[in-house]
2 protein chains.
Amino acid sequence: MSITVVGSIAFDAVRTPFGERERMLGGAASHFALAASMLEPVNLVGPVGDDFGDAEMAVLRTRGSNVDDVEHVSGGKTFFWKGHYHEDMNTRDTLETQLNVFEHFAPKLSRRSREADVLFLANIQPGLQLRVREQCQAAKFVALDSMNLWIDIAREELQRIIGRVDCLILNDEELRQLTGAKTTVAAAREVLQHGPSIVVAKQGEYGAALITGDDFFALPAYPLEQVVDPTGAGDTFAGGFVGYIAASLGEELSDELLRSAMAHATVLASFNVEEFGTERVARLTGSEIAARIEELQAMTQFSGAPLQLRG
Amino acid sequence: MSITVVGSIAFDAVRTPFGERERMLGGAASHFALAASMLEPVNLVGPVGDDFGDAEMAVLRTRGSNVDDVEHVSGGKTFFWKGHYHEDMNTRDTLETQLNVFEHFAPKLSRRSREADVLFLANIQPGLQLRVREQCQAAKFVALDSMNLWIDIAREELQRIIGRVDCLILNDEELRQLTGAKTTVAAAREVLQHGPSIVVAKQGEYGAALITGDDFFALPAYPLEQVVDPTGAGDTFAGGFVGYIAASLGEELSDELLRSAMAHATVLASFNVEEFGTERVARLTGSEIAARIEELQAMTQFSGAPLQLRG
């Protein structure tokens, strides 16, 4: 089933303890599409400037993704983000954000993008997400990402778009910030009251949790001895998760299926952070994913048989 | 098999978003003993002052723990800690630490405590941990906790005692601080080069990971809608983990057994944080633990069967 993603396509300048890149392809829509295209073709929607070249466009086309709706804004510059990761990779400083062509972005979806079965609204202004949602009436499954900025300055619009999606994928801290709840579980239960039937709480290096009406599932991240660049891990995760659901559409979205999607997403994110930018996922193979899913399963199994307890 | 724990016995003053206690039983040894005693009798070693009453001593005796080596320092006051947890419970401010009788504590172990099969060195000055380790030559399994303070000011002694234990149980950030490694996996592998054969990385609300020579296991925390007081969760976890190993001693310490110990420990910690101080674990029953282990197992299972991938 086809997928449309609307979000940023960017140039990133990133420094981590393992190296530095001054200008590489990034952006939520790029990372998402590279991951999701392992399972289903993706339509990318987002603006780029005159500085966006054929080489970058070729990466976006990986595994047949459709770039007809990658809008070239003449005279404009592509969205630019510059950040430095701290020694432990868990925190980063944003040094520069140039919205550029994103400042006046008004998503225009072609018929093909509008008629996709699955829609992912990557992290952009919630008002724009609402407008895209309205254009995609055919979508059978819609997932949404957002960030603390919109919770702070556009909460009402954010709540409105959350009410119109099937699945909210958010960092656990942002889930708590959004709802005012003190635990991730309580925050997710609150969100489930307002439209979505699936909440995914991303937990960075610790993995992710899945909360639905009657299920809770938690999965640690795939353990890595070395993390080179965490940028885009969340969007890669979303691409894996939503891609898996798109590939399974038609089947019942059972908790078992969603759990498998979580494992697939977790493994994709683990590959993403092993190299800078989109490099690793762009050349990822199915057998690499399958092998790591098997490893992840072995790493999370335990025998629950309790000992004789004294209490 | 009998267990000896050496560590703090304290009064805690705690404020969390769910309430406040001005003075309640706390301390690493107390929390550890309450958890471990679900499986094996515990000898407690630590100092208390004149203000330590019969009621507190009765709690330490829960499930038959031996308090003969709880040293009453005449004219002294019990160790006191005061802290406030922030809204999200993940961070806390220490407002006051009164070492009191702990300032001149020199562990004196009775023959019974010295001859225990299992020893847990709770977080105290590493020099003291070394002296206790020397007194307990019969111990077949020794585990150690520590904290960032000792990494900063007593690193050499800490490294020496780490070299003389079987298992290091530490927060993941402290593991990275100790080794200078950038990921928890790399940090644990580094520690495994220097004596311990088991490393447990505690991850707070996210659970814990177990790293041995040839195994990696990660387990999320048991999810709670409400966390009332996180104080002592790490020591309760250690009590569950070490208690489980003590109860299994004689068997091979297989990775499967250690994973079951992790699950048992995770569940004990989840009960600890549901109420203030030692209250919940003091009245915990075996069937409550068994039921929650079963739930935890259900929450972490997934089917790894991959879809048809396009890469």
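Residue numbering restarts at 1 for every chain, and letters A, B, ... go by the order of the sequence lines. Note that the structure is predicted; figures quoted are calculated from it, not measured.
With a 4.5 angstrom heavy-atom cutoff, A/Glu295 does not touch chain B via any of its atoms. Only the side chain of A/Asp172 comes within contact range of chain B, judged by heavy atoms closer than 4.5 Å. Contacts between A/Glu294 and chain B at a heavy-atom distance below 4.5 Å are absent for every atom of the residue. If you measure heavy-atom distances from A/Leu296 to chain B, the contacts under 4.5 Å come from both the backbone and the side chain. Residue A/Thr62: no heavy atom, backbone or side chain, is found under 4.5 Å from chain B. Using a 4.5 Å cut-off between heavy atoms, A/Ala188 does not touch chain B at all.
A cation-pi arrangement, defined by a distance under 6.0 Å to the six-membered ring centre and an angle within 45 degrees of its axis, is absent between A/Lys202 and A/Phe241. The side-chain tip of B/Arg15 does not point at the ring of B/Tyr85 from less than 6.0 angstrom away and within 45° of straight on.
Under the 30°/60° scheme for interplanar angles, the aromatic rings of B/Phe302 and A/Phe217 are found to stand perpendicular.
Interface check for chain A: of the options B/Leu224, B/Leu219, B/Leu258, the most heavy-atom pairs under 4.5 Å are formed by B/Leu224. With chain A as the partner, the residue from B/Gly243, B/Ala298, B/Ala221 showing the most heavy-atom pairs under 4.5 Å is B/Ala298. Counting heavy-atom pairs closer than 4.5 Å to chain A, the top residue among B/Glu288, B/Arg283, B/Arg259 is B/Arg259. Put simply, of A/Ala187, A/Ala218, A/Ser248, the one with the most heavy-atom pairs under 4.5 Å next to chain B is A/Ala218.
Using a cut-off of 4.0 Å between Lys/Arg side-chain N and Asp/Glu carboxylate O, B/Glu251 and B/Lys140 are scored as not salt-bridged. Residues B/Glu87 and B/Arg92 are not paired through a salt bridge, judged by the lack of any N-O separation under 4.0 Å between the basic side chain and the carboxylate.
Of the residues A/Arg189, A/Arg176, A/Glu173, the one that meets the side-chain hydrogen bond (donor to acceptor under 3.5 Å, both in side chains) test with A/Thr184 is A/Arg176.
In this structure, A/Asp152 and A/Gln177 have side chains that are in contact, with non-hydrogen atoms separated by less than 4.5 Å.
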